[in-house]
Structures are given as C-alpha cells and as structure tokens.
Amino acid sequence: MADYLTIATASLRQLPFDFKGNIARIIRAIEQGYECGSNVLLMPELALTGYGCEDNFTFQEFHEAAMAALQDVLKAAQTLGQDQQPMLISLGLPLLYPGGQVYNASAIFSADGLHGFSCKQFLARNGLHYEPRWFEAWPRGQVVQHPHYQVPMGDLVIDSHGVRIGFETCEDSWISNRPGRDLYQRNVDLILNPSASHFASGKFDVREQFILEGSRAFGVVYAYANLNGTENGTSIFDAGCMIASEGRMVSYGERLNCQEVLLNHALVNLSANRVTRILSSESINIFKAQSDITLPYLLTTSTPPWQVTEQSLPANDEMNEFWDDLSHDDRIHSEICYALANGLWDWMQRTHTHGFVVSMSGGADSGLAATLVYLSHYLALHQLGANDYRQALPTIWLDDIPQYSDELGDYTHWLHQYVMPKVLLCLYQGTDNSSAITFNAAQAVSENIGANFQHWNVQTIVDDYIELVNQIYPERPLNWKDDDIALQNIQARSRSPGVWMLANRENKLLIATSNLSESALGYATMDGDTSGVLSVVSGLSKTRIRKINHWLEKQGLPVEGFHGFHRLTIPAMGQINVQQPTAELRPVEQTDEEDLMPYIICDSIMDSYLIRQMWPKSILIDLLMQGHGQVYSLEQLGQFIERWFRLFCRNPWKRYGTRAGFHVEQISLDPKTFHRFPLLNASFAEPLEQMWAYIRAQATEK
Ligand SMILES: Nc1ncnc2c1ncn2[C@@H]1O[C@H](COP(=O)(O)OP(=O)(O)OC[C@H]2O[C@@H]([n+]3cccc(C(=O)O)c3)[C@H](O)[C@@H]2O)[C@@H](O)[C@H]1O
Ligand SMILES: Nc1ncnc2c1ncn2[C@@H]1O[C@H](COP(=O)(O)OP(=O)(O)OP(=O)(O)O)[C@@H](O)[C@H]1O
Ligand SMILES: NC(=O)CC[C@H](N)C(=O)O
C-alpha cells in the first residue's frame with residue numbers, strides 16, 4: 001500500500017522584532033495547516049524573528065525574546081493540535097547555543113512539543129547577504145544535544161515509522177555540494193527547504209530548477225517555503241512556495257501578493273518517489289550509522305486519494321498559470337512591477353504614514369515612480385478585496401472613503417475618486433528651462449493614475465540664490481559659460497525644500513527618483529533631486545525603466561481582477577515615452593545621453609562591471625562582442641568606458657548618501673548592502689591605461 005502525505009508550505013509577511021505580530025501570523029498558518037489536513041507544515045527561514053534583524057542576531061537579550069516567542073508558539077501548537085491528526089511543523093529561527101555561537105536554525109515541533117533543531121550548513125555571503133557576520137555554519141553530519149532545550153540540534157533526519165525527513169535551508173540548496181546529496185544517502189523521503197530568498201529579476205526560475213532537480217535526483221518530495229514582503233525595506237521577499245514530487249511541481253503558492261499569510265498544500269505519494277531511489281544507479285549505503293530523531297507516531301496515511309476529503313486536495317494553481325502564460329519580457333516587467341508595488345505597500349503600512357509625494361518632472365523616472373505607487377494600491381485592492389484594502393488605509397481617511405459597493409461604480413473609479421488623491425501627491429516645479437511638453441506629461445500621468453496633481457514655479461527661488469551669490473562676487477556674476485554646473489544644480493536644489501515641506505505637512509513619504517544608471521555615474525544633484533526617503537526606481541537601469549514605461553502604455557500590467565483577467569494600461573505614459581530623457585536644467589536643449597553617453601552603452605558597461613566583475617579592457621572586448629563596434633569606433637567605446645569609470649570613481653560618496661531603494665535586478669549599487677566600494681580611490685587609472693594600450697595596438701595592427 002502506498003504512503004500518502006499532505007504537505008503544506010506557508011509564506012509569512014514577517015517584520016523584524018515584531019514578536020507578537022510574527023507569532024500571530026505563525027499561529028494563523030498552523031490553523032490553516034490543520035484545516036487542510038496537513039501532516040507536515042513548513043514555514044520560512046528565520047520566520048519567528050524576521051530575516052532582517054541584522055546585528056541584533058548576536059544580542060543575548062534578542063535571543064531571550066526569541067526563546068519566549070518560541071515558547072508561545074509551542075503552547076499555541078499544543079492547544080491547536082488537540083484532537084487533530086499529528087502535524088509536524090518546521091519554523092525558522094535564530095538559535096543561540098548557550099556559551100557558544102548563533103545558528104540559523106529551524107525548530108521542529110508538533111502538538112507534543114519540541115523535537116529538535118535543524119541547522120543551516122552553508123551561510124549566504126554574497127550579494128545582499130551577510131549571514132557569516134552573525135551565524136556559524138553547521139558541520140555536515142553532526143548532531144548534538146541543545147543544553148537548554150534538551151533536544152537534538154544539527155544535521156537532523158526525522159524518522160516517523162519509516163517516513164524520513166531531512167533539511168536544506170535556503171543557500172544550502174543553491175550550491176553544488178548541497179546537503180540533499182547526503183540526505184539521499186540517508187534514505188530521506190521528504191526534503192524541507194525553509195528559505196528567505198529576496199526577489200531579483202529572473203530568480204524565480206532558478207529556484208524552480210533546483211527544487212525540481214532536488215526532487216528528481218534525490219527521489220524525494222521537495223517542499224520550499226519563502227518569506228513574503230519587504231521586511232527590512234529594501235529586499236522584497238516574493239513568497240512563491242513550491243512543492244515538487246517525482247520531479248514534477250505539484251503545487252505553487254502565490255507570489256508577490258500582499259496578504260499576511262499564504263498557504264498552499266499538496267497530497268503526495270511517497271512510495272512513488274521511492275521508486276526513483278530503488279531504480280537509481282547510485283546505491284544507498286544502508287549500513288551507514290545515522291543520528292535520526294524518531295517520532296513515536298505515524299505521519300502518513302495509506303488512505304487512497306479518492307477517499308481524501310475535498311479540503312485536503314491541493315489548491316489549484318491558477319496563479320502559476322497566470323505567470324506561465326506570459327511571454328518572457330512581459331513576465332519580467334510584470335514581476336518587477338508586482339515586486340515594487342508590493343514593497344511600496346509595505347512601506348506605507350509599516351511606517352504608518354499617509355502616502356507619498358513625488359516631485360514629478362514629466363520624465364521617465366518620476367513618471368514610473370508615481371505609477372508604481374498607483375500599482376501598489378491597485379494590486380492591494382485586488383489581492384485583499386475592497387473591504388480589507390479599505391481597512392488597511394490610514395484611519396483618519398476612512399470618514400471620507402465610503403465602503404465600496406456596486407452603486408459607486410467600477411472599483412477603479414472608486415480608487416481614483418476616493419483613495420488615490422489621498423495616497424499620492426504629484427508636484428510639478430517649473431523653472432525658466434521647463435517646457436510645456438514635460439508639464440503636460442506630468443499632469444497627464446498624474447491624472448491617469450488618480451493622483452492629486454499640483455504645480456508651482458521655483459524660478460524666483462532660483463533667482464534669489466543667484467542674486468545672493470552675485471552679491472558676494474559682484475565682479476564676476478554667475479553665467480552659463482563659466483558656471484554651468486552651479487546654475488544647473490541650484491534649480492534641482494530649489495525644488496527640494498518645498499516638496500519636503502509638503503511631505504512634512506501631509507505626513508507623507510517623499511519619493512526620490514534616481515535610477516541605477518544615474519547612480520552609477522552620480523548624474524544627479526546631491527541634496528536636490530536625490531532628496532527623499534525612498535528611491536523607488538533606484539534598482540532599475542534607465543534602459544529597463546524606458547522599456548517598462550512603453551510596456552505600461554501599450555501592453556499593460558496583467559491583473560487577476562474581480563471579474564477575471566485584464567490588463568491595466570497607463571495610456572498617458574505615451575506623453576513621457578515620446579521624449580528623450582532630459583534634465584531640463586540648461587537654457588539650451590539638453591539630453592542625458594549627450595551629457596553622458598547612450599544609456600544602452602552605459603548599462604552594458606555597468607552590467608559587465610557588476611555582474612561579470614570586469615575591468616576596462618575586458619569590458620571593451622565585451623562591448624565589441626555585443627556588436628557595439630558596428631555602431632561606434634573603438635576610440636568612441638574607449639571614451640565611453642573611460643567616462644563611465646571616471647564618474648563612477650568620482651561619485652561613490654553620492655551612492656553612500658543615497659536614499660534607501662529596492663533591490664530589483666541581479667545587481668545593485670547600494671554600498672551598504674551590495675556593492676562596497678572605497679570612497680577614495682585611484683579612479684582605475686592603470687586599468688584604463690591598459691585599455692588604451694590595447695586600443696592603440698589594434699590601430700597599429702590595422
Ligand atoms: N573629484 C571629486 N571627487 C569627489 N567629490 C568631488 C570631486 N569633485 C567635486 N566633488 C564634490 O562634488 C560636488 C558636486 O556634486 P553635485 O553638487 O551633486 O553636482 P555634480 O555631480 O557636479 O553635477 C550634477 C550632475 O548631475 C546632472 N543632473 C542634475 C540634476 C538632475 C539631473 C537629471 O538627470 O535630471 C541631472 C547635472 O547635469 C550634472 O551633470 C562638488 O561641489 C564637490 O563638493
Ligand atoms: N519640472 C520639474 N518638476 C518637478 N520635479 C522635477 C522637475 N524636473 C526635475 N524634477 C525632479 O528631479 C528628478 C530628476 O529630473 P529628470 O529631469 O532627470 O527627470 P526624470 O523623471 O528622471 O526623467 P528623465 O531623466 O527621463 O527626463 C525628477 O525625477 C523629479 O523628481
Ligand atoms: N537566505 C539565503 O540563504 C539566501 C541566499 C540565496 N542564494 C537566495 O538569494 O535565495
């Protein structure tokens with residue numbers, strides 16, 4: 001008779017140090033686990049405390065609070081599990097070994113109490129991750145007794161009457177020597193993977209690959225649970241739990257959804273997975289000594305699935321079909337918009353502020369930043385439903401926002417009429433260099449997204465500053481020939497105080513609009529257009545922003561609506577898309593690309609430097625291999641690279657002082673979390689000279 005098991009995986013929207021809130025969400029997941037008849041419930045890595053507690057992970061008082069929280073969860077599990085079938089629960093948490101170090105662990109428990117702790121073996125130390133700063137890696141195959149809890153901790157295998165369960169914790173599964181290889185030798189049936197894996201464009205596919213491959217090669221059911229939402233304000237965890245069996249995905253959890261607890265489950269056949277191991281060319285060493293935890297009760301059921309109740313059947317996977325049906329670019333753009341919208345939703349919820357202010361230029365970056373605020377509310381409305389969405393808005397607004405009902409018309413109309421004008425204030429701030437084109441674009445996009453659009457002119461403020469400086473230097477008044485940068489920057493800086501004042505008055509968050517390409521080069525005025533709390537598009541290159549804006553205008557964001565699937569387009573984006581990016585800071589026409597270089601080149605150089613970690617000469621060869629040599633001469637490409645490195649090395653202090661921003665692409669320029677770079681440096685003079693020597697040698701050869 002086959003062995004069946006119902007497995008549930010839960011995504012939780014946790015918050016660092018929010019012990020009460022985190023426990024409440026954990027308890028909701030346990031309740032839902034019982035409701036769907038689960039035998040095993042997996043929750044994400046460090047879900048008890050939040051993944052982003054950073055340096056508090058080494059505070060002893062933090063651990064006392066975490067231990068108290070674990071006791072609360074164990075008590076709740078005991079109560080909830082009364083008169084229920086046994087359910088094994090795994091919950092990620094930081095674990096201090098008394099008198100020793102801290103481990104990134106998962107508590108394994110049931111209604112009968114705590115059974116043990118599984119510990120992570122490979123600590124994430126690349127990109128955004130700094131786990132070795134706080135945690136100790138657990139050695140493969142070792143198990144010890146935890147002196148306080150008196151249960152085993154380490155590289156555990158749990159055995160429940162022959163059903164064997166092992167662990168890979170997040171990064172463990174991303175490396176070649178993954179613990180699953182040994183778990184295969186330990187005859188494991190089910191691998192649980194508690195994860196805290198942040199969103200980055202295209203990353204979901206990598207997770208899907210190692211989950212499927214784990215299930216296929218190790219002959220196991222593989223369950224994966226990820227956190228949800230932006231815990232620390234910059235990384236966005238994108239949920240997306242998965243369960244694979246017999247090398248096929250049998251259940252997908254929702255992704256990029258702003259609900260607090262998302263649970264999915266699947267009924268799996270363990271015996272069918274064992275077939276892979278029986279038939280495998282790699283024999284299992286059954287004589288190897290094992291240190292397993294034995295559970296006194298049976299987790300599995302031999303009930304054939306046709307007797308299983310409707311409730312315990314896996315949820316359908318409409319959400320995954322939703323993503324799967326999208327073409328490549330469509331999916332990348334959709335994921336990015338969903339992720340940023342999700343992050344913005346959390347910022348508003350968790351800061352308890354009253355929405356956002358955007359200084360709106362009628363250009364691509366501020367246009368997308370404002371639109372993303374709209375998308376965050378549009379999606380939250382659909383994901384939470386009109387009532388819960390309304391309840392999540394600041395209470396001081398509720399008197400003015402009626403409950404949604406059909407009589408109020410379309411829900412989009414309701415959102416535009418009653419909610420968006422409160423959520424988002426867009427402000428156009430003209431100078432003598434501003435044009436009607438940018439004003440009209442700023443107004444059109446603001447209206448399209450239902451924001452409160454305002455405008456004023458800051459030229460008199462600019463003139464006052466010029467006058468003040470001229471009073472100090474009457475012999476040489478400021479002029480465009482000699483003082484180009486000073487006269488540009490005073491305009492950007494004059495826009496900052498007024499918009500900050502509105503943010504203060506309205507208790508709103510000021511959004512900064514720098515993008516990744518501009519941050520690399522410092523192409524922004526410090527304390528001018530860099531002003532703000534949160535830089536929404538700072539994780540996106542200019543090339544990406546322009547593509548997304550075109551896609552929002554023409555194709556639109558796919559949304560699973562109340563009445564089925566639809567696309568949300570932003571037609572007014574067309575007024576931005578027809579323009580060349582311009583700072584509009586000079587009296588004569590100015591484009592970013594003339595000031596800098598073509599964005600496509602700038603972004604290619606940035607990718608080669610940051611993703612492939614190349615220096616100038618290799619980057620030049622890379623640009624040639626991408627075909628840019630057909631458009632530009634070697635000399636021109638050399639100049640672009642030189643300019644890029646000179647600006648990159650001149651402006652790291654700007655990146656250092658830049659606002660918090662979301663991580664979106666594979667790479668980022670945030671010096672505090674991603675690319676650390678010295679503030680003082682030799683500007684890559686020698687590598688640039690080597691590049692020029694190569695270019696000269698090529699010219700001589702010709
Ligand atoms: N070698 C060096 N290494 C490190 N720091 C150096 C430095 N030389 C000057 N500095 C410091 O940097 C300061 C200059 O920095 P900052 O005042 O920010 O100005 P800066 O970087 O010189 O100029 C701003 C640039 O951003 C462009 N911009 C501004 C605003 C908006 C947009 C847009 O795209 O919309 C573009 C503008 O066209 C201009 O090219 C100097 O006053 C000095 O204090
Ligand atoms: N006329 C303006 N009114 C309000 N804010 C402005 C204005 N001009 C510039 N800004 C602010 O300065 C930022 C940088 O200016 P910039 O002209 O680069 O606009 P952008 O949105 O980045 O678009 P693009 O560079 O594609 O033209 C803008 O995002 C905006 O926040
Ligand atoms: N928490 C982790 O171990 C994260 C590392 C992993 N490579 C990821 O980004 O998903």
Quiz item: Can you find a side-chain donor-acceptor pair between D622 and S608 that sits under 3.5 Å?
Solution: yes
Self-check item: Mutual orientation of the aromatic rings belonging to H198 and H129 [parallel < 30°, tilted 30-60°, perpendicular > 60°]
Solution: tilted
Exercise. Considering non-hydrogen atoms only, spot the tightest contact between A124 and P132 and give its length.
Key: O-CD, 3.4 Å
Quiz prompt | Check against side-chain contact (heavy atoms from CB on, under 4.5 Å), D329 and H333 | solution = CA-CA 6 Å; D329 272 11; H333 296 156; 4.2 Å; yes
Quiz item: Does atom CD1 of I600 have more than 12 heavy-atom neighbours from other groups under 6.0 Å away?
Solution: no
Self-check item: Heavy-atom neighbours of R567 CZ exceed 12 at 6.0 Å
Solution: yes
Practice problem: Decide whether a cation-pi geometry holds between R544 and Y599; the criteria are a distance under 6.0 Å from NZ or CZ to the six-membered ring centre and an angle within 45° of the ring axis. | Solution: no
Self-check item: Closest heavy-atom pair and its distance - G33, L263
Solution: N-CD1, 4.2 Å
Exercise. Cation-pi check, K120 to F135: give yes when NZ or CZ is under 6.0 Å from the six-membered ring centre and within 45° of the ring axis, no otherwise.
Key: no
Quiz item: Looking at W345, W323, F199, which one forms a ring-ring contact (aromatic ring centres under 6.0 Å, His included) with Y338?
Solution: W323
Practice problem: Give a yes-or-no answer on whether the side chains of N549 and R546 include a donor-acceptor pair shorter than 3.5 Å. | Solution: no
Quiz prompt | Quiz item: cation-pi between R255 and F204, 6.0 Å / 45° | solution = yes
Quiz prompt | Shortest non-hydrogen separation from W644 to A520 and the atoms involved | solution = CZ2-CB, 3.9 Å
Quiz item: So do the side chains of Y378 and T412 get within less than 4.5 Å of each other, counting heavy atoms only?
Solution: yes
Quiz item: Would N342 and R13 count as having a side-chain donor-acceptor pair, cut-off 3.5 Å?
Solution: yes
Quiz item: Any luck finding a side-chain donor-acceptor pair between N226 and S197 under 3.5 Å?
Solution: no
Quiz item: Can you tell me if K422 uses its side chain to pair, donor with acceptor, with the backbone of G355 under 3.5 Å?
Solution: no
Quiz item: Going by the angle between their ring planes, with limits at 30° and 60°, are Y374 and H416 parallel, tilted or perpendicular?
Solution: perpendicular
Quiz prompt | Ion pair check, K542 and D365, cut-off under 4.0 Å | solution = yes
Practice problem: Please check if any side-chain donor atom of S517 sits under 3.5 Å from a side-chain acceptor atom of Y523, or the reverse. | Solution: no
Practice problem: Decide whether Y411 and H563 meet the rule of one side-chain donor and one side-chain acceptor closer than 3.5 Å. | Solution: no
